[in-house]
Amino acid sequence: MDKTFDAAAAEPDLYARWEASGCFAAGANARDGAETYCIVIPPPNVTGSLHIGHALNNTLQDVLIRWKRMQGFDVLWQPGQDHAGIATQMVVERALAAEGNAGRREMGRDAFVRRVWQQKQESGGTIIGQLRRLGASLDWSRNAFTMSGAPGAPEGEEGNFHDAVLRVFVELYKAGLIYRDKRLVNWDPVFETAISDLEVEQVEEKGKLWRFRYPLADGASYEHPVEFDEDGEATAWETRDYLVVATTRPETMLGDTGVAVHPEDHRYAGLVGTDAILPLVGRRLKIVADDYADPEKGTGAVKMTPAHDFNDFEVGKRQGLRSINIMTPRAAMFLQENADFHFGCEPTPEAMALEGLDRYEARAKLVEVAEAQGWLDGIDEETHVVPHGDRSKAAVEPYLTDQWFVDAKTLAKEAIAAVREGETVFHPKSWEKTYFQWLENIEPWCVSRQLWWGHQVPVWYGPDGHAFCEMTEAAAAAAARAHYGEDRPLKRDEDVLDTWFSSGLWPMGTLGWPGETPELARYYPGGVLVTGFDIIFFWVARMMMFGCHFMKDEAGKPVVPFKDVYVHALVRAEDGKKMSKSVGNVIDPLDLIDEYGADAMRFTLVSMAAMGRDIKLATSRVAGYRNFSTKLWNAARFGELNECKPVEGFDPAAVSQPLNRWIVGETGRLRAAVDAALEAYRFNDAASALYGDVWGVFCDWYVELSKPLLSGDDAAARDETRATLAWALDARLKLLHPFMPFVTEALWEQPAARPAMLAVTDWPEIGP
RNA sequence: GGGCGCGUAGCUCAGUGGGAGAGCACUUCGUUGACAUCGAAGGGGUCGCUGGUUCAAUCCCAGCCGCGCCCACCA
């Protein structure tokens, strides 16, 4: 044996042999009548590459899967990738631009989608190769994709996922749980699509609060308090023929249709029911009393732009204010051809000059005009939080459009109950609170996206706009014929669905649903879902909602998609910052693997996977655990040099030397400690038990104290010690294998030819 | 505003109602017999602060200080 393990050279070869031997196939090493144990991988984006978070997530899953596999369970670790609608579309659009090719609009929808499929087929294998490098023992023969079977999918991309998505959409539509509605949504003006609330990030920004004077209509005026005594009572007033409103977004003023004041705000009480006039536009703005207006904020009078503000939209509905959209999908001013904008008023040339300007240019221009014309009352500096699209990083625009919504409130009920009743348990349990809090306050889920890469909404419209939601165009045509009494031309809805709509079906869809497959019957529900907390809402909650709604037992009771949810920490840079390319503090797991070996990196991540919120990764630890694997290697080398070979029929209970009896007991204790830790998802406890035993017990004491016996004159003691050492080492290779699969597998082959690879041998049964 | 987490050695982090720990870094010594990717020995911490419960608190409780995250708020 060499003095060290050459991880870089050995690991890929070991992985190839595992795969070739069928070690990772569903049910490999399962005992007769074994219970099933299934984990579905959180599907990485198909164009993505392995980052350190994936490395942690998949290492933990692999530890559990290899452990259960060795224990003789019927194990399935289901692999696959997510089509990642908006992210992938973005990647391809950037690639097109970088290559100097025509953009997606010039290409047209069909050609663009073909191009994305091509990208998927070219780069989709990248992450699979990287997961192999990590040692992840997924059953690759079952690799799934969230867009499989979609129309236009090239050869080799067949599958059931598109059917699953259509089935869910159509059934929910017919049950009234999916509906179309015109309401304000978060609009991403870069991708020109609606996004869900979850895809919006609040970003604190320095900004300004502008105060504008809106003249009162019909020559009206009122007395505004300007001086106050110690009790806050007004002592002086001034006569004003205007109302001051404050705004952080001047550009929206062209869409104003009212001004709200609080019903008990005596300053403005006399104005309620009268009108103000919108500068530049001349539109009459109803002054309404509404609880939403906060007398303490701004000037207490708040301009109402129902088409461009979520709160204003609600007030507008209550108070009967019109909603006037003044922006294009790219958030430029839309005025000239906008009949709503012109309705009942005559905008000035200054207003019309804003036509086509970007929202921020329009803002600057408006403030300029306000100042020049004397209706700018003042400016305050302020920081406020501004919602941004999580992909485009652009400020999202509340935008009034027709979109498809899922009645999440109804679906949430069973998903909440399942966790309340313990059908699914979170580890650590504290995450259940987060889960409940979100689901109990859930808003309708906007699932339509104005993108091209994704599952197209299965709805066709008749000439009068009547919607027919069916699995196929033919079925929609038949439904239309029944509705109209004759054939009518139908037009399909252009929208695609939110990526999370399909990934929410992952546990069912990967097992063949809506088909009634043997795998679905066998492996659903899964044993545990291993995930980071950042996608509890995006993904876990959606899988719970869909799983509970569509999977029922004979009694009609919801069957949850997984029994346990293990929520692990997020990996951060050593300084605690989020790893990001722009900051340049990204640690590439593949670099760590190249330098220290996959085993060392895996062991590091596992040893730090305590149930906290985040892990600050120190690379020095990786080196430390690489040394640990070398230590193990050399203990085996010691065994080889001393002719310690496994003895057929060796009975650990029968050894007589005190030293050997002692290590047998320690081995049992170690096995129990590892099992107990993994049962409780205390990965770091398992890792430290193994580390402490192998280094501090087996090497420091047992190996040292075995030397006199191995070189002594007592042949019986020598032989027993040789056999015991070989046995004790084998037990440690097995116990370490889920954590450090490569070096343990390599050592497993060393002393003797073995009938089976370590990955599919049995877990030690020795007790303490 | 609502919720959650963290604060232990120089750094990155475990941990427990009774003895304060690991890796890395540091100091000294040790290289023909498993291992220098090593071994032996060692220095270094009032376990954020204050109060309470307890025979006993780093751990449990309350408050405070500091840091961070999630959700809600574009007047």
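Per chain, numbering begins at 1; letters A, B, ... match sequence-line order.
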Whole Å only: how far is the CZ atom of A/Arg249 from the P atom of B/A75? 11 Å
When we call it a touch if two heavy atoms are under 4.0 Å apart, what does A/Asn642 touch: a base, just sugar-phosphate, or nothing? nothing
Are any of the side-chain heavy atoms of A/Tyr222 and A/Thr274 separated by less than 4.5 Å? no
Taking B/G3 as the reference, what is the distance to B/U46 when you measure between their P atoms (whole Å, please)? 35 Å
Specify the residue among A/Val200 and A/Val386 whose closest nucleotide of RNA chain B lies further upstream toward the 5′ end. A/Val200
Is any side-chain heavy atom of A/Val697 closer than 4.5 Å to one of A/Tyr702? no
A/Tyr691 side chain, from C-beta outward: closest of B/A75, B/A22, B/U37: B/A22
For B/G21 versus B/G15, give the span between their C1' atoms, rounded off to a whole number of Å. 7 Å
Any donor and acceptor pair, going by atom type alone, linking the side chain of A/Arg602 with main-chain N or O of A/Phe739 inside 3.5 Å? yes
Rounded off to whole Å, could you give me the CG-to-P distance for the A/Asn634 and B/G33 pair? 12 Å
Given B/A22, B/G15, B/A34, the nucleotide with the shortest approach to the side chain of A/Arg621: B/A22
Name the closest nucleotide to the A/Lys433 side chain, picking from B/C4, B/A14, B/A75. B/C4
Nearest-nucleotide 5' precedence on RNA chain B, A/Ala636 against A/Asp700: A/Ala636
Decide whether a cation-pi geometry holds between A/Arg542 and A/Trp445; the criteria are a distance under 6.0 Å from NZ or CZ to the six-membered ring centre and an angle within 45° of the ring axis. yes
From C-beta outward on A/Ala246, which listed nucleotide comes closest to its side chain: B/A75, B/A14, B/G2? B/A75
So what does A/Val259 hit on the nucleic acid, given a heavy-atom distance under 4.0 Å: a base, only sugar-phosphate, or nothing? nothing
State, yes or no, whether a side-chain contact exists between A/Leu321 and A/Val288 at a heavy-atom distance under 4.5 Å. yes
Pairing partner of B/C26, by Watson-Crick or G-U wobble and under 3.5 Å for both distances, is B/G42
When you compare the side chain of A/Pro279 with that of A/Met253, does any pair of heavy atoms fall below 4.5 Å? yes
Work out how far the P atom of B/C35 is from that of B/G17, and round it to whole angstrom. 42 Å
Taken to the nearest whole Å, CZ/A/Phe538 to C1'/B/C71 is 12 Å
Any side-chain N or O of A/Asn627 under 4.0 Å from OP1/OP2 of B/C38? yes
Answer with yes or no whether A/Tyr625 presents, from its side chain, a donor or acceptor under 3.5 Å of a partner atom in the base of B/A22. no
Just checking, A/Arg183 and A/Phe405: is the charged tip under 6.0 Å from the six-membered ring centre and within 45° of the axis? yes
Does B/G39 have OP1 or OP2 sitting under 4.0 Å from an N or O in the side chain of A/Trp695? yes
Where the side chain of A/Arg283 meets the backbone of A/Asp256, is there a donor-acceptor pair that is under 3.5 Å apart? yes
Determine the interatomic distance between P on B/G10 and the same-named atom on B/G43; round to the nearest Å. 15 Å
If pairing means Watson-Crick or G-U wobble with both distances under 3.5 Å, then the partner of B/G5 is B/C67
Counting the atoms with a prime plus P, OP1 and OP2 as sugar-phosphate, which does A/Phe5 contact under 4.0 Å by heavy atoms, base, sugar-phosphate, or nothing? nothing
In whole Å, I'd like the distance from the CD atom of A/Glu296 to the P atom of B/G1. 15 Å
Using Watson-Crick geometry (N1-N3 plus N6-O4 or O6-N4) or G-U wobble (N1-O2, O6-N3), each under 3.5 Å, B/C73 is paired with none
Check the distance between B/A75's C1' and A/Ile379's CD1 and give it to me in whole angstrom. 15 Å
Distance between P atoms of B/G5 and B/U12 (Å, rounded): 22 Å
Base, sugar-phosphate, or nothing for A/Ser688, non-hydrogen atoms under 4.0 angstrom? nothing
Taking only side-chain N and O atoms of A/Lys631, does any of them lie within less than 4.0 angstrom of OP1 or OP2 on B/G39? yes
Rounded to whole angstrom, note down the P distance from B/A25 over to B/A40. 16 Å
Residue-phosphate contact under 4.0 Å: A/Arg682 side-chain N/O, B/G15 OP1/OP2: yes
Which nucleotide, in any strand shown, forms a Watson-Crick or G-U wobble pair with B/A20, with both distances under 3.5 Å? none
Write down the partner of B/A14 under the Watson-Crick or G-U wobble criteria, each distance required to be under 3.5 Å. none
Determine which nucleotide pairs with B/U37, using a 3.5 Å limit on both distances of a Watson-Crick or G-U wobble pair. none
Under 4.0 Å: is that the gap between some side-chain N or O of A/Lys707 and OP1 or OP2 of B/A34? yes
Would you tell me if any nitrogen or oxygen in the side chain of A/Lys3 comes within less than 4.0 Å of OP1 or OP2 on B/C38? no
Between A/Thr667 and A/Arg732, do the side chains contain an N or O donor and an N or O acceptor separated by less than 3.5 Å? yes
Measure CD/A/Glu704 against C1'/B/G33 and give the value in whole Å, please. 11 Å
Rounded interatomic separation in angstrom, taking CZ from A/Phe628 and C1' from B/C24: 17 Å
When the C1' atoms of B/G39 and B/A34 are compared, how many Å lie between them, rounded to an integer? 12 Å
Side chain of A/Lys297 - closest among B/C4, B/A34, B/A75: B/A75
Whole angstrom value for the distance that separates C1' of B/C69 from CD of A/Gln202: 14 Å
Base, sugar-phosphate or nothing for A/Ala395? Non-hydrogen atoms, less than 4.0 Å. nothing
Sugar-phosphate only, base, or nothing, as touched by A/Val245 at under 4.0 Å among non-hydrogen atoms: nothing
Roughly how far apart, to the nearest Å, are B/A9 and B/C26 at atom C1'? 12 Å
